[in-house]
Amino acid sequence: MQLTSPIGVFDSGYGGLTVLREIVKKLPQYDYLYLGDNARAPYGPRSFDTVYQYTLECVQWFFSQGCELVVLACNTASAKALRTIQQKDLPRIDPSKRVLGVIRPTTEIIGNYSQTQEVGILGTSGTVQSGSYPIEIEKFFPDLKVYQEACPMWVPLVENNEYDKPGADYFIRQHIDQLMGQSGQIDTVLLACTHYPLLIDKIRKTLPPGTQIVSQGNIVADSLADYLQRHPGMERKISRGAGRVFYTTDSTADFDNHAAVFFGEPVHSLHLDLSKG
Ligand code: DGL
């Protein structure tokens with residue numbers, strides 16, 4: 001199926017499908033084109049330069065497919081590549097196109113969830129080291145105390161289909177204990193990686209009872225709906241055939257096997273070889 005002007009949704013692998021799932025529920029009328037760069041995942045431990053180069057390459061591919069609007073449904077790419085792409089690359093490539101991320105919409109509202117005004121952030125090493133969450137949250141909720149914990153093993157657990165196995169428990173407990181050990185007042189924990197909703201049952205069992213868990217799918221879907229309402233010029237450019245096309249840079253058989261769990265319905269993907277660009 002060839003889509004005319006779909007909304008592009010990008011992630012290093014499967015995680016963005018947890019976001020696309022909520023976007024599609026909220027805005028089913030539009031066409032969507034998904035790309036998982038599974039062949040190069042995880043992005044979390046990679047350098048700023050590498051994440052930026054990979055993400056830019058994928059964004060340019062979305063543009064070549066007719067996308068006017070691309071959502072980086074990946075915190076690591078949003079933390080390490082989005083600003084440079086928005087400020088340096090878009091004016092050069094095509095100033096009318098837009099690339100949005102997942103960090104800004106989350107930081108705009110995260111403070112509203114907490115009674116104690118203390119929140120914990122669980123993310124990849126890249127997201128945590130970038131400091132993007134504390135920096136952005138400070139702008140909207142200057143009094144909110146923010147604690148972070150990098151969970152480098154969690155994306156590999158999900159990408160390798162080990163997320164619901166007993167072995168995952170050890171790594172979940174390790175990082176939850178380290179996060180919650182930073183303050184007894186944390187009442188809200190943000191899953192600041194789009195892969196982590198797959199681990200939510202284990203995370204819930206490990207966190208102290210009553211701790212609120214926030215994942216980003218709904219937040220990003222609401223924010224995209226709001227964006228399109230405020231930008232009718234962009235909204236008009238997006239094609240409305242309710243089409244969904246999925247690409248992976250790795251094996252399509254593997255992608256299709258795992259993607260259904262993330263997306264909530266069967267997925268039939270196509271292969272993309274970025275080197276043939
Ligand atoms: N889903 C990506 C995120 O939200 C995972 C990054 C990775 O590949 O390590 O950060």
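Ligands are counted one by one from 1 in listed order, and the atoms in each one are counted from 1 as well.
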Gly13 to ligand 1, any heavy atom closer than 4.0 Å
no
Please lay out, stage by stage, how Gln216 and Asn75 fare under the test side chain to side chain contact (heavy atoms under 4.5 Å, CB included).
CA-CA 10 Å; Gln216 296 175 300; Asn75 287 271; 2.8 Å; yes
Does Lys145, at its NZ atom, have more than 12 non-hydrogen atoms belonging to other residues, nucleotides or ligands within less than 6.0 Å?
no
For the ring-ring contact (aromatic ring centres under 6.0 Å, His included) test, which of Trp61, Tyr32, Tyr34 pairs with Tyr247?
Trp61
Can you find an N/O atom of Thr127 closer than 3.5 Å to an N/O atom of ligand 1?
no
Tyr43 N/O under 3.5 Å from ligand 1 N/O
yes
Is it true that a side-chain atom of Thr206 and a backbone atom of Lys202 form a donor plus acceptor pair closer than 3.5 Å?
yes
Among Asp37, Asn75, Val155, Leu191, which one has a heavy atom closest to atom 4 (O) of ligand 1?
Asn75
Counting heavy atoms only, name the option from Thr76, Val158, Thr194 that's nearest to atom 6 (C) of ligand 1.
Thr76
Measure centre to centre between the rings of His231 and Tyr227, then say whether the value is under 6.0 Å.
yes
Which heavy atom in [X] sits nearest to a heavy atom in [Y], and how many Å separate them?
{"X": "Leu33", "Y": "Cys67", "result": "CD2-SG, 4.0 Å"}
{"X": "Gln148", "Y": "Gln182", "result": "O-NE2, 2.9 Å"}
{"X": "Ala79", "Y": "Ser130", "result": "CB-OG, 3.4 Å"}

If you count the atoms of ligand 1 from 1 in the order shown, which ones are under 4.0 Å from a heavy atom of [X]?
{"X": "Ser12", "result": "5 (C), 6 (C), 7 (C), 8 (O)"}
{"X": "Cys193", "result": "1 (N), 2 (C), 3 (C), 4 (O), 5 (C), 10 (O)"}
{"X": "Asp11", "result": "1 (N), 2 (C)"}
{"X": "Thr124", "result": "6 (C), 9 (O), 10 (O)"}

Pick one of side chain, backbone, both or neither for how Cys74 approaches ligand 1, counting any non-hydrogen atom pair under 4.0 Å.
both
For ligand 1, is any non-hydrogen atom under 4.0 Å from Val102's backbone (N, CA, C, O), its side chain (CB onward), both, or neither?
neither
Any cation-pi pair here, Lys80 with Phe48, using under 6.0 Å and within 45°?
yes
Closest protein heavy atom (residue, atom, distance) for atom 5 (C) of ligand 1:
His195 ND1, 3.4 Å
Which protein non-hydrogen atom lies closest to atom 9 (O) of ligand 1, naming both residue and atom, and how far is it?
Gly44 N, 2.7 Å
